[in-house]
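All remarks here apply to the structure that follows.
Below, read A as the first sequence line, B as the second, and so on, with proteins coming before strands; counting in each chain starts at 1. Bear in mind that the values here come from a model prediction, so they are computed numbers and not experimental data. Basis for what follows: all heavy atoms, side chains included, without hydrogens, waters or symmetry-related copies.
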Amino acid sequence: MERDIRAAEKYYAFQKREWRAFRLFWVLMGLVVTAAALGLFGSGLLSDKTYTANGSRIDYNRFMRVAKNTEILIHVNQASRNASVSINNDYLRKVRIEQVVPEPTSVVIKDNKLVYTFSSVQNGFITFYLSPQKMGAHQLQISVNGTQASFDQYIYF
Amino acid sequence: MESVVLRAFIVYFLIFIILRMAGKRTLGEMTAFDLVLLLIISEAVQNALLDSDHSITGSMLVIITLVFTDIMVSLGTNKYRSLDNIINGIPLIVLENGKPLLDRMKKSRLQEDDILEAARKTQGLESLNQIKFAVLEKDGSISIIPYQLNQNGIEPKLTHNS
């Protein structure tokens, strides 16, 4: 080891690089925090999406996190009748459907689709409580009373 | 916006305010109880921060938000002296030329025993009249400036600034 304390000066250039690296990383952290606040990693402005068509409205989250519970809200604006919601069966590979409120009168599987039938949903909304299980990108193919829609979603680990 | 980032910000500031208002001596030397208290506080805070979120992304966001806020605060206190005083506190002279400043010590919840303890630990001194200055620092510790020893090495010599 060098004996003179001033020998440390030999490495001053490294110190300057370290300071620059720190400040760059701080900026990146700031970007991550802002993106998270805006909803890139979960619920928020960037993530809450609404789809409207034919009198039905579907509120869902584009970005989700594993084991962080989230919901799909389906507004049905039709008088009486049985409402029927179908979700692609593959969805269950990535996301667990914890609860459906109100309770459907029947749930069947038809053509790789989960079909939920509800009796008399008037001017209200159906809630699917979800718990994402596996990370990755996938599609939610949902159809409400015949209106079909398909959304891309991403689950963070 | 029940965002995890917002929760982390709020918890950071609340905990900061609570601990700041607890005063310097609370944060100073840590006894075993202080350590246990710290652990209990961290446990209590965990539920508020993470709620039902078990994802790695969630806990990483909390950590990044807390550290980022800490860095921003430190940059701010570095630049503005008044902000530094508010956030970190100021050093306080509690003993001058061997004489303790009793009203300051009482307000700061300090006793002569504490000053003597710091003098023994940091300077190896035996009594108060060997201490020129004792300062209660921002972090709650006490720093001791002793009188210089004369040539014979035993008797402390009173040195005044000329």
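Contact count against chain B (heavy-atom pairs under 4.5 Å) is highest for Ala67(A) among Gly42(A), Ala67(A), Pro132(A). Among the candidates Thr65(B), Ile64(B), Val67(B), the residue making the largest number of heavy-atom pairs closer than 4.5 Å to chain A is Ile64(B).
Neither Ile131(B) nor Phe133(B) shares a network with the other; the hydrophobic side chains, linked directly or stepwise wherever heavy atoms of I, L, V, M, F, W or Y lie under 4.5 Å apart, form separate groups for each. Each of Leu35(B) and Ile40(B) belongs to its own hydrophobic cluster when Ile, Leu, Val, Met, Phe, Trp and Tyr are linked at side-chain heavy-atom distances under 4.5 angstrom. At a threshold of 4.5 Å between side-chain heavy atoms, the hydrophobic network of Ile, Leu, Val, Met, Phe, Trp and Tyr places Phe9(B) and Ile17(B) in one connected group.
More than 12 heavy-atom neighbours from other residues, nucleotides or ligands sit within 6.0 angstrom of CZ on Phe16(B). Summarising the local packing, CD of Glu126(B) is surrounded by 12 or fewer heavy atoms from other residues, nucleotides or ligands at distances under 6.0 Å. Counting non-hydrogen atoms of other residues, nucleotides and ligands closer than 6.0 Å to NZ of Lys107(B) gives a total of 12 or fewer.
For Ile56(B), the parts lying near chain A are the backbone and the side chain together; criterion is any non-hydrogen pair under 4.5 Å.
In this structure, the separation between CE on Met72(B) and CE on Met29(A) is 7.5 Å, given to the nearest 0.5 Å. One finds the CD1 atom of Ile71(B) at 10.0 Å from the CZ atom of Arg23(A) (value rounded to the nearest 0.5 Å).
Side-chain N or O atoms of Thr57(B) include one that pairs as donor or acceptor with a backbone N or O of Phe157(A) at under 3.5 Å.
Test Leu28(A), Thr34(A), Val33(A) against Phe68(B) for side-chain contact (heavy atoms from CB on, under 4.5 Å) and you get one pass: Val33(A).
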